[in-house]
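A, B, ... follow the sequence lines: proteins, then strands. Residue 1 opens every chain.
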Amino acid sequence: AQSVTQPDIHITVSEGASLELRCNYSYGATPYLFWYVQSPGQGLQLLLKYFSGDTLVQGIKGFEAEFKRSQSSFNLRKPSVHWSDAAEYFCAVCLGGSARQLTFGSGTQLTVLP
Amino acid sequence: NAGVTQTPKFQVLKTGQSMTLQCAQDMNHEYMSWYRQDPGMGLRLIHYSVGAGITDQGEVPNGYNVSRSTTEDFPLRLLSAAPSQTSVYFCASSYSGVSGNTIYFGEGSWLTVV
């Protein structure tokens, strides 16, 4: 069965600092990969997704993620964090084809210090 | 375009009561699903449907029923609520068939069972 691991439960960074959130997956083939963000009391917003092609994916709000097949990783990055980026971030994988079930990581809570 | 609409947003139930969480989408998506979100566990799939009249179980289906009589609607029924079903519930939809389409989420329904 596929699984997703986000090893960092909570990360704290200062505003303006760079950010990297880690995500590793376990699956026999390359799944479709997603990053979602959730602000308190809100639903999930898609930041970016990877299906194939260029392994560096650009998303909204200045985020990017890099797929590394050799490491089964899909880490999320941002060069300069803003206070409004404080939220919970979820990595998710999805089987391709007609399946649409997402398997989520347990999430990383991001705190941004002024 | 309303996207994915969930109602109610907040609900308090007594143990043993039944209720239905409503989910509707106006994007003509074939695929719809329900997830629950619990602290430290990310989102887990409850039930899903690949089209009208077709439903199947996800990772945590016990205590929940679904039906899909129309493309637009995918209600989730709690048959006899238990405190363990206190959670945040998210409905999602996407196109099926073509790989890699975006999965859209509703804003969530916060359910407390006392």
Side-chain angles (χ1 to χ4, degrees), chain A residues 1-10 21-26 29-54 57 59-60 67 74 87-109, chain B residues 2-7 9-10 21 23 25 27 29-51 54-61 66 68 74 87-110:
Chain A
Q2 59 185 10
S3 65
V4 180
T5 302
Q6 293 180 246
D8 303 306
I9 296 172
H10 194 187
L21 302 182
R22 296 183 290 164
C23 174
N24 293 92
Y25 66 91
S26 172
T30 300
Y32 299 115
L33 298 157
F34 304 81
W35 274 99
Y36 285 88
V37 61
Q38 184 181 33
S39 298
Q42 300 299 312
L44 294 162
Q45 182 180 23
L46 180 67
L47 286 175
L48 47 78
K49 57 189 178 184
Y50 172 79
F51 297 142
S52 64
D54 193 346
V57 180
I60 62 171
F67 168 61
F74 188 56
E88 189 156 22
Y89 292 80
F90 292 95
C91 180
V93 303
C94 178
L95 296 174
S98 60
R100 287 292 181 269
Q101 297 93 315
L102 284 169
T103 298
F104 283 85
S106 55
T108 298
Q109 183 68 46
Chain B
V4 180
T5 303
Q6 291 182 231
T7 55
K9 185 149 188 175
F10 300 98
L21 298 176
C23 177
Q25 51 91 9
M27 297 173 282
H29 287 169
E30 295 174 335
Y31 186 87
M32 297 184 73
S33 53
W34 276 102
Y35 294 82
R36 60 177 289 172
Q37 182 181 27
D38 301 295
M41 302 187 71
L43 280 76
R44 293 178 293 166
L45 182 66
I46 304 171
H47 285 285
Y48 66 96
S49 167
V50 298
I54 306 169
T55 63
D56 206 345
Q57 296 180 349
E59 181 185 354
V60 288
V66 292
R68 185 90 180 274
F74 190 44
S87 188
V88 184
Y89 293 85
F90 288 97
C91 180
S93 75
S94 72
Y95 290 110
S96 64
V98 176
S99 299
N101 277 302
T102 299
I103 300 169
Y104 296 85
F105 283 86
E107 293 192 342
S109 295
W110 275 253

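In this structure the side chain of Phe90(B) reaches within 4.5 angstrom of the side chain of Gln38(A), judged on heavy atoms. Counting heavy atoms from C-beta outward, Ile103(B) and Tyr32(A) have side chains that stay 4.5 Å or more apart.
Residue Tyr36(A) touches chain B through its side chain alone, counting heavy-atom pairs closer than 4.5 Å. The part of Gln37(B) that comes within reach of chain A is its side chain, from C-beta onward, which places non-hydrogen atoms under 4.5 angstrom from that chain. Of the atoms belonging to Leu43(B), heavy atoms from both backbone and side chain fall under 4.5 Å from chain A.
Ile9(A) CD1: 12 or fewer foreign heavy atoms inside a 6.0 Å radius.
When every heavy atom of Ser106(A) is checked against every heavy atom of Gly40(B), the shortest pair comes out as CB-O, 3.4 Å.
Remark: Ser39(A) engages Gln42(A), Ala87(A) in a side-chain contact (heavy atoms from CB on, under 4.5 Å) (not counting sequence neighbours). Residues that satisfy the side chain to side chain donor-acceptor pair (under 3.5 Å) test with Ser109(B), not counting sequence neighbours, are Gln6(B).
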Verdict with reasoning, Leu44(A) to Tyr35(B), per side-chain contact (heavy atoms from CB on, under 4.5 Å): CA-CA 12 Å; Leu44(A) 294 162; Tyr35(B) 294 82; over 6 Å; no

